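Report on one structure; see the data block that follows.
Please read these numbers as outputs of a predicted model, since none were measured by experiment. Chain naming here is simple, since letters A, B, ... match the order of the sequence lines and numbering starts at 1 in each.
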Amino acid sequence: MCMKVDVRGLPCPQPVIKTKEALENAKGEPLLVIASNEESTENIKRFLNYSGVQIDKIEEENGEFYIYTKEYSLTPDKDLEPQASICPPPQTRTGTTIFINKDRLGHGSDELGKTLINAFIATIKDLSVQPRTICFMNTGVKLTIEGAETQPYLRELEEKGIELLVCGTCLGYFNLKEKLGAGKISNMYDISETMLKSSKVITI
Amino acid sequence: MTVYAIITFHTTHFSLKAKKVLEKSGMQFETIPVPRKFSADCGFCCKVLWEAKEEVEKILDEHNVQIDSIYRWKIDEDREKKKKFTFV
């Protein structure tokens, strides 16, 4: 007879916490803990060792780990508080990315669209909330070059610490590489990775 | 501290025309959304240095661009640039 504890799919430190609860409830009866990944298994093993509970065997099947303990007696004065520090820090997200892929905002009137994109960038620089990154592609790169109405606003954003990634291929295509006035020349790898890592991408 | 004149227009067509006319004249100006404190309406305005206000008015008048209102905007730009913000 053994008590089953299913911790599959639980985020850290839940697997260890569940194991601890089970240890206390099972009162010495062997446990079977089922975990769905190696990290949880390692953490549970470490916790069991720390608690003085011997592991009988660990079996792996289809990527799932079956941890069998032997019978045990818990030392009553032992502090079984699992350490929170065993969990890796949550994956850091890079915040909001704005993806600007043309030199105007919206469709219909180019004249209005150009004024709108200028106004958009002039406005975000003054807001109390800021994106982490702005990516420029295709004719969007024209907003970053010297002489562009938006260039001083973008410089201001850059000085605040907002990352501006400007597609180098696009600058080359329009023959504007020498005229970059804000941001840094970037590539498809950085731009696509930045977008994928962002918690939110706003496409203009 | 810098003092600007914020010039608003009755319609977006007038604000776009003002932009064109002022670009041709070589005057220093910016077309920006009307700051919230002056009007809750959605629209563009021209931001020019207060000293240039009369000349700009003259140019716009010559080109039949109708002005709605002119506001005086005194702003500490260095302080504005250093204003705190949060990343979202």
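In this structure, the separation between NZ on B:K81 and NZ on A:K125 is 8.5 Å, given to the nearest 0.5 Å. In this structure, A:L157 CG and B:F85 CZ are separated by 9.0 Å, a value rounded to the nearest 0.5 Å. Interatomic distance, CD of A:E111 versus NZ of B:K17, reported as 11.5 Å (0.5 Å rounding).
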Practice problem: Show the numbers, then the answer: is there a side-chain contact (heavy atoms from CB on, under 4.5 Å) between A:K114 and B:K19? | Solution: CA-CA 12 Å; A:K114 282 188 178 180; B:K19 185 176 188 240; 5.5 Å; no
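At most 12 non-hydrogen atoms from other residues, nucleotides or ligands lie less than 6.0 angstrom from CD of A:E178. Around atom CD of B:E80, more than 12 heavy atoms belonging to other residues, nucleotides or ligands sit under 6.0 Å away. Open room surrounds CD on B:E55; 12 or fewer heavy atoms of other groups in view lie less than 6.0 Å from it. Residue B:E62 qualifies as enclosed at atom CD: its count of foreign heavy atoms under 6.0 Å is above 12. Residue A:K45 qualifies as open at atom NZ: its count of foreign heavy atoms under 6.0 Å is 12 or below. In the displayed structure, B:E51 atom CD is contacted under 6.0 Å by more than 12 heavy atoms of other residues, nucleotides or ligands. Within a 6.0 Å radius of CD in B:E23, other residues, nucleotides and ligands contribute more than 12 heavy atoms.
For A:K160, the parts lying near chain B are the backbone and the side chain together; criterion is any non-hydrogen pair under 4.5 Å. Heavy atoms of A:E159 lying under 4.5 Å from chain B are absent altogether. Both the backbone and the side chain of B:F87 come within less than 4.5 Å of a heavy atom in chain A. Heavy atoms closer than 4.5 Å to chain A are found nowhere in B:K82, neither backbone nor side chain. In this structure, chain B has heavy atoms under 4.5 Å from both the backbone and the side chain of A:T115.
Comparing B:I32, B:L16, B:T12 by how many heavy-atom pairs each has under 4.5 Å with chain A, the most go to B:L16.
No side-chain heavy atom of A:N118 sits under 4.5 Å from any side-chain heavy atom of B:T31.
Residues meeting the side-chain hydrogen bond (donor to acceptor under 3.5 Å, both in side chains) test with A:N138, sequence neighbours left out: none.
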